[in-house]
> 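Would you mind keeping the following structure in view while I ask a few things?
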Amino acid sequence: MLKYAFVCVVLGVASSPVLAQDAASGEKIFNQCRACHQVGETAKNTVGPVLNGLIGRKAASHDGYSYSTAMKNSGLTWDEATFADYIKDPKAKVPGTKMIYAGLKDPAKVADLTAYLKQFGADGKKAP
C-alpha cells in the first residue's frame, strides 16, 4: 500500500503544471508594455511608472510618478503572485487604477514577464 501511495504522489507531482520562467521570452512580452513603462538604468516615468525593482516594492511607491488614488490606497506589495493576479486584469485587481490594459491572461507569459522584470534592481541594473 505504501508503494502505491508513493507512486501516486510522484505521478501527481510530475503531472502538475510547473511554469518555468524564461526571461528572454519575457523581454519580448515586455515590448507590449514599453508604450507606457520603462526598465533599465536610464528608465524614466512616462505614461506609467518605471518598473525597476518591482518585485518586493510597495505599490504606488516609485518617486516622481502620479499614481491613482486607487493604487495609492491598494495596500499591495508587488510579489510574484500579486503581480500575476494584477497583470491578468488590472482593473479587477485595483478598481480605479489608471492602467489601461486588457490584461495578460496566459500564465506562462505572465511567468516569463515576471522573470524579465525580476532581473532589474531598484537602481535599474540588470542582475548578471
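Atom set for the values below is all heavy atoms of this structure, side chains included, hydrogens, waters and symmetry mates excluded. Nothing here was measured: the structure is a model prediction, and the numbers come from that model.
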> If hydrophobic clusters are built from ILVMFWY residues whose side chains come within less than 4.5 Å, do M71 and V50 share one?
no
> Do H37 side-chain atoms and P49 backbone N/O form a donor-acceptor pair below 3.5 Å?
yes
> Tell me every residue that passes salt bridge (Lys or Arg N to Asp or Glu O under 4.0 Å) with D85, counting only those two or more places apart in sequence or in another chain.
K93
> Between atom OH of Y86 and atom NZ of K91, what is the distance when rounded to the nearest 0.5 Å?
8.0 Å
> Please list, chain by chain and in numerical order, all residues satisfying side-chain hydrogen bond (donor to acceptor under 3.5 Å, both in side chains) with N45, sequence neighbours excluded.
H62
> Can F30 and L51 be said to form a side-chain contact (heavy atoms from CB on, under 4.5 Å), step by step?
CA-CA 11 Å; F30 186 75; L51 297 181; 3.9 Å; yes
> How far does CD1 of I55 sit from CH2 of W78, to the nearest 0.5 angstrom?
9.0 Å
> Can you measure from CG (L117) to CD1 (I87) and round to the nearest 0.5 angstrom?
8.5 Å
> By side-chain hydrogen bond (donor to acceptor under 3.5 Å, both in side chains), which residues pair with Y65, not counting sequence neighbours?
none
> Could you report the tightest heavy-atom contact between A35 and V47, atom names first, then the distance?
O-CG2, 4.4 Å
> Please report the shortest heavy-atom distance between P95 and A70, naming the atom on each side.
O-CB, 3.1 Å
> Pair up each side-chain donor or acceptor in residues 118-128 with any protein partner under 3.5 Å, not counting sequence neighbours, and list the distances.
| residue | atom | partner | partner atom | Å |
| --- | --- | --- | --- | --- |
| K118 | NZ | Q21 | OE1 | 3.4 |
| K118 | NZ | E80 | OE2 | 2.8 |
| Q119 | NE2 | Y116 | O | 3.2 |
| D123 | OD1 | K125 | N | 2.9 |

> What's the verdict on side-chain contact (heavy atoms from CB on, under 4.5 Å) for D89 and K105, showing C-alpha distance, side-chain angles and the deciding distance?
CA-CA 8 Å; D89 189 350; K105 311 293 188 220; 4.2 Å; yes
> Going through the distances and angles, do Q32 and L113 end up as a side-chain contact (heavy atoms from CB on, under 4.5 Å)?
CA-CA 11 Å; Q32 61 187 291; L113 177 60; over 6 Å; no
> For K58, is there any backbone N or O sitting under 3.5 Å from a side-chain donor or acceptor partner on S61?
yes
> Quick one: side-chain hydrogen bond (donor to acceptor under 3.5 Å, both in side chains) partners of S25, sequence neighbours excluded?
D112
> How many angstroms lie between atom NZ of K72 and atom OG1 of T69, to the nearest 0.5 angstrom?
5.5 Å
> Exactly one of S66, C36, P90 should register a side-chain contact (heavy atoms from CB on, under 4.5 Å) with K98. Which one does?
S66
> Verify the neighbour count for atom CG of D63: are there more than 12 heavy atoms of other residues, nucleotides or ligands below 6.0 Å?
no
> Say whether, by atom type as modelled, one donor and one acceptor occur between the side chain of K109 and the main chain of L104 under 3.5 angstrom.
no
> May I have the step-by-step check of side-chain contact (heavy atoms from CB on, under 4.5 Å) for T77 and R57, ending in yes or no?
CA-CA 6 Å; T77 296; R57 186 168 89 192; over 6 Å; no
> side-chain hydrogen bond (donor to acceptor under 3.5 Å, both in side chains) with D79: which residues, sequence neighbours excluded?
T82
> Distance-only, no hydrogens or angles: does the N52 side chain make a donor-acceptor pair with backbone N or O of V39 under 3.5 Å?
no
